[in-house]
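Every chain is numbered from 1 and lettered A, B, ... according to where its sequence line falls, protein lines coming before strand lines. These numbers were taken from a predicted model, which means no experiment stands behind them.
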There are 2 protein chains.
Amino acid sequence: MTNGGRAQQKEQTRRTLIREARRLFATLGYGAVGLSEIVGAAGVTKGALYHHFDGKAALFRAVLEEVQQQVARTVAAAGDARDDPWEQFTAGCRAFLTAATDPDVQRIMLVDGPAVLGWNEWRALDEAASARHLAEALTTLIEEGVIARQPVEPLTRLLSGAMNEAALWLAGSEDPGALAGVWAPLSQMLEALRVR
Amino acid sequence: MTNGGRAQQKEQTRRTLIREARRLFATLGYGAVGLSEIVGAAGVTKGALYHHFDGKAALFRAVLEEVQQQVARTVAAAGDARDDPWEQFTAGCRAFLTAATDPDVQRIMLVDGPAVLGWNEWRALDEAASARHLAEALTTLIEEGVIARQPVEPLTRLLSGAMNEAALWLAGSEDPGALAGVWAPLSQMLEALRVR
DNA sequence: TCCTTCACATACCGTTGGTATGTGAAGGTA
DNA sequence: TACCTTCACATACCAACGGTATGTGAAGGA
């Protein structure tokens with residue numbers, strides 16, 4: 001029972017490692033999870049881990065990439081479902097808020113991510129995964145004259161920061177109406193960008 | 001040469017530990033700094049450290065408190081220098097942006113803080129030190145009818161998140177005009193809160 | 001003068017991330 | 001089929017870390 005070629009097995013091991021690491025990082029946090037815990041859960045040894053990744057931080061990086069891409073897909077899908085550029089934009093923002101409320105995303109993407117990788121590398125990943133979409137949406141809105149012509153990057157940072165923090169706060173809040181509570185002032189601030 | 005009573009010496013040792021720890025945490029980051037490095041720089045041993053603090057995280061917590069209070073004082077001072085509530089508010093926001101650009105503040109308060117202490121404890125400290133001022137300012141603005149009556153907490157979170165991220169971005173940017181570049185859209189969004 | 005207190009120093013431990021080396025099955029070649 | 005190379009892991013080990021248990025000597029009251 002060969003159960004697939006060597007390359008398939010390799011990929012399977014890699015994915016198992018990422019999956020178990022993601023689960024543990026999300027529930028316990030990067031610092032509280034040992035490599036032994038990860039490899040134990042994955043049913044392999046540290047040798048396998050170091051064969052696939054350069055170390056603990058590199059494994060975390062792979063996990064973070066997966067999480068960010070998952071969020072980005074959700075957001076992009078929500079945006080693509082609309083036709084009007086402005087509605088694409090706002091729908092994407094709302095989708096991000098709900099997507100980032102997931103505890104996995106919380107801990108890995110917003111809490112440990114910047115601390116483990118540093119803001120520079122974190123931003124590079126965030127840029128590639130989701131902030132780029134935000135910046136593109138804003139650029140489109142500027143091109144179409146929906147919002148005033150202005151530098152995109154500072155605006156992207158402000159909105160990204162506001163929504164990250166909002167998502168973090170949402171996750172900690174037990175009030176089911178919290179999403180609406182944040183969305184009200186956020187949409188108000190978004191509306192402020194529209195040319196009148 | 002007794003050089004002060006025992007209590008004075010104790011306080012001195014404690015302050016030295018906090019000072020050196022702050023310097024090292026700020027430059028290298030929490031994870032990359034060992035206790036041996038800290039006590040070495042402070043000219044004491046681990047025994048002294050564990051006599052004053054419950055551990056590495058507790059020492060970091062003390063450092064973070066100091067940093068946050070320093071920022072809060074700067075912000076409060078900028079606000080108190082104005083008379084008009086709205087100007088107090090905006091001046092405080094601008095002061096926060098510049099204060100949080102300091103690298104010490106960056107790394108300790110915005111990057112490592114949440115990851116080391118967790119968001120709950122971090123928020124509690126942030127609440128006590130600076131977010132409370134922001135919430136109070138917003139409450140005052142609502143009372144005086146400058147901005148619309150609405151729940152304060154979500155609004156506080158959005159603004160706090162936006163400004164934290166903006167400060168982080170400012171620190172990484174070499175453009176000297178970056179502050180103005182962020183302030184423009186931020187003040188635009190703040191203006192959106194005012195009742196017309 | 002003595003004794004207690006306490007602010008630290010010293011010595012030690014378990015665990016961790018990381019590395020160096022071993023091993024056995026997969027898969028090509030003759 | 002026999003052989004050999006490759007490589008995906010396992011095993012064994014290490015230095016360094018955070019943390020703890022215990023020692024010590026000066027300060028300060030009685």
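- In B:D83, the CG atom is not crowded: 12 or fewer heavy atoms of neighbouring residues, nucleotides or ligands sit closer than 6.0 Å.
- Residue B:M109 holds its CE atom at 6.0 Å from CH2 of B:W122, rounded to the nearest 0.5 Å.
- A salt bridge links A:E121 with A:R61; the closest basic N to acidic carboxylate O contact falls under 4.0 Å.
- At a non-hydrogen distance threshold of 4.0 Å, A:T13 from residues 13-28 of chain A come into contact with DNA chain D.
- Listed by residue number, A:V44, A:T45, A:G47, A:A48, A:H51, A:H52 are the residues of residues 31-56 of chain A with a heavy-atom contact under 4.0 Å to DNA chain D.
- Taking a 6.0 Å sphere around CD of B:Q12, one finds it holds 12 or fewer heavy atoms contributed by other residues, nucleotides or ligands.
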Inset, instruction - Test B:R94 against B:E87 for salt bridge (charged side-chain N to carboxylate O under 4.0 Å, His left out), laying out the working first. - result: CA-CA 10 Å; B:R94 252 199 325 271; B:E87 280 193 11; over 6 Å; no
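- Side-chain contact between A:R194 and A:V146 is present, with heavy atoms from C-beta onward closer than 4.5 Å.
- If you take CD of A:E11 and P of D:dC7, they are 16 Å apart, rounded to a whole angstrom.
- When the shell of 6.0 Å around CG of B:D84 is examined, it contains more than 12 heavy atoms from other residues, nucleotides or ligands.
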Inset, instruction - Determine, stepwise, if the pair B:E136 / B:R132 fulfils salt bridge (charged side-chain N to carboxylate O under 4.0 Å, His left out). - result: CA-CA 6 Å; B:E136 276 173 13; B:R132 190 166 47 86; 3.4 Å; yes
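- The distance from atom CD of B:Q9 to atom P of D:dA26 is 14 Å, rounded to the nearest whole Å.
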